[in-house]
Amino acid sequence: MRSVDVADLAAGVRAGSRQHVARAITLLESTRPEHRDLAGELLADLADLTGRAVRVGVSGVPGAGKSTFINALGTRLVEQGHRVAVVAVDPSSRRTGGSILGDRTRMAELTASDAAFVRPSPSGRHLGGVARATRESMLVLEAAGHDVVVVETVGVGQNEIAVSEMVDTFLLLTLARAGDQLQGIKRGILELADVIAVNKADGDGAAAARVAARELSGAMRLMMPGPSARRPPVLTCSALTGDGLDEVWAAVLAHREHLESEGSLEVRRARQQQDWMWAMVDAHLTDVVRDSAAVREQRAELERAVRDGEVSAVDGAARILALFEDDVRARGTGEPG
Ligand code: GDP
């Protein structure tokens, strides 16, 4: 990366310059310590302009229709005068089905729009690092004037948790696949969902989608009994024909209004900030431990021994922490290297 002028970058982002936004996100995605410092300065500079967007997570298994859906919905929102940004959380190790989330070619129409900004998932091995970069990118995109930020992720559990921790409303896109729709969705993911949409409710699939939506609705009533529980609405839509997309968006906005009316949007975001602080501490500590000299030396061998069942995971973890602590003590400075 060329030398970075944070003031210039911040001014360009504030002015909504695409080029500056792209460069700012590249800076945020970097893990080099000097870039992290500059990223911190940039985010502090932009802080007054962040937090205003409708932040929506969109999740679903590969093939559920996420990119078709985001492309179609995003294009509608742009036509209504919104400025839409799409970012993604998809650690490279978890890429499934060969699709790259937030890939511009998968959202061609939206990508071509001046009012939209589509950014593929940063690459990285660790969900923590990928989530950090995406979350910070979201702030830059808000500062650049995007009033709708969509965070796309693929349905594997941990990714969804990370995304639900950075958005206001979590939308689960699912499919009617006769018989297995309930087994196919992990309970934990249903619990995260604020809105559920059964996609591909068109042509021959329309009836099956409606049945699946009814079954899911019933399942949610069992999972969250009681009159006061706020169960996520289960809708049907077709990203292909556009049927039901307005209703899904209305349900997203209704969820957000519900949060605002209760004052719980602020509470949710405040809790997210607190969790985020600890997530950053966790991620940093993990890096420090992994990269300390003593752990680095034995890491591969210990990982192998745990994989082969010679050492239990519990003993492996204890061994790593002991190595790290010895390392710190040996330095005698309290500053692990
Ligand atoms: P993703 O992997 O979740 O992003 O799914 P894609 O958006 O790439 O869609 C997977 C396939 O399903 C593509 O062939 C789409 O054209 C198709 N598809 C997406 N949405 C719909 C829909 O609403 N109806 C129908 N019939 N096909 C759809």
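Not measured: the values here are computed from a predicted model. Numbers for residues simply follow the sequence, beginning at 1. Just so you know, ligand 1 is whichever comes first in the structure, and atom 1 is the first atom listed for that ligand.
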(message) Please identify which of these residues, R23, R119, R132, meets the salt bridge (charged side-chain N to carboxylate O under 4.0 Å, His left out) condition with E29.
(response)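 Testing E29 for a salt bridge (charged side-chain N to carboxylate O under 4.0 Å, His left out) against R23, R119, R132 leaves exactly one candidate, R119.
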
(request) Check R83, R135, R55 against E142 for a salt bridge (charged side-chain N to carboxylate O under 4.0 Å, His left out) and give me the one that passes. (result)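 Of the listed residues R83, R135, R55, the salt bridge (charged side-chain N to carboxylate O under 4.0 Å, His left out) partner of E142 is R55.
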
Find all atoms of ligand 1 within a distance of less than 4.0 Å from any non-hydrogen atom belonging to [X], and give their numbers and elements.
| X | answer |
| --- | --- |
| P62 | 2 (O) |
| K66 | 1 (P), 2 (O), 3 (O), 4 (O), 5 (O), 7 (O) |
| N199 | 20 (N), 21 (C), 23 (O) |
| T68 | 6 (P), 7 (O), 9 (O), 15 (C), 19 (C), 20 (N) |
| V61 | 3 (O) |

(request) Heavy-atom distances under 4.0 Å are what count here, so tell me which part of L173 touches ligand 1: side chain, backbone, both or neither. (result)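 For L173, no heavy atom sits under 4.0 Å from ligand 1.
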
(request) Indicate yes or no: at least one non-hydrogen side-chain atom of E160 is less than 4.5 angstrom from one of E165. (result)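 No; the side chains remain at least 4.5 Å from each other.
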
(message) Using the side-chain contact (heavy atoms from CB on, under 4.5 Å) criterion, which residues pair with E247? Sequence neighbours excluded.
(response)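 If we apply the side-chain contact (heavy atoms from CB on, under 4.5 Å) test to E247, skipping adjacent residues, there are no hits.
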
(message) Within this structure, what is the CZ-CD1 distance for the pair F170 and I196, rounded to the nearest 0.5 Å?
(response)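 It comes to 10.5 Å.
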
Are any of the N/O atoms on [X], whether in the backbone or the side chain, positioned under 3.5 angstrom from an N/O atom of ligand 1?
| X | answer |
| --- | --- |
| L240 | yes |
| G65 | yes |
| A239 | yes |
| G63 | yes |
| E152 | no |

Under 3.5 Å, which donor-acceptor pairs do the side chains of residues 4-12 form with other protein atoms, sequence neighbours left out?
| residue | atom | partner | partner atom | Å |
| --- | --- | --- | --- | --- |
| D5 | OD1 | A7 | N | 3.2 |
| D5 | OD1 | D8 | N | 3.2 |

(message) Hydrophobic clustering (ILVMFWY, side-chain heavy atoms < 4.5 Å, transitive) - are V195 and L259 grouped together?
(response)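 No, separate clusters.
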
(message) With a 4.0 Å cut-off on N to O distance, would you call D246 and R76 a salt bridge?
(response)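 A salt bridge is present here (some side-chain N lies under 4.0 Å from a carboxylate O).
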
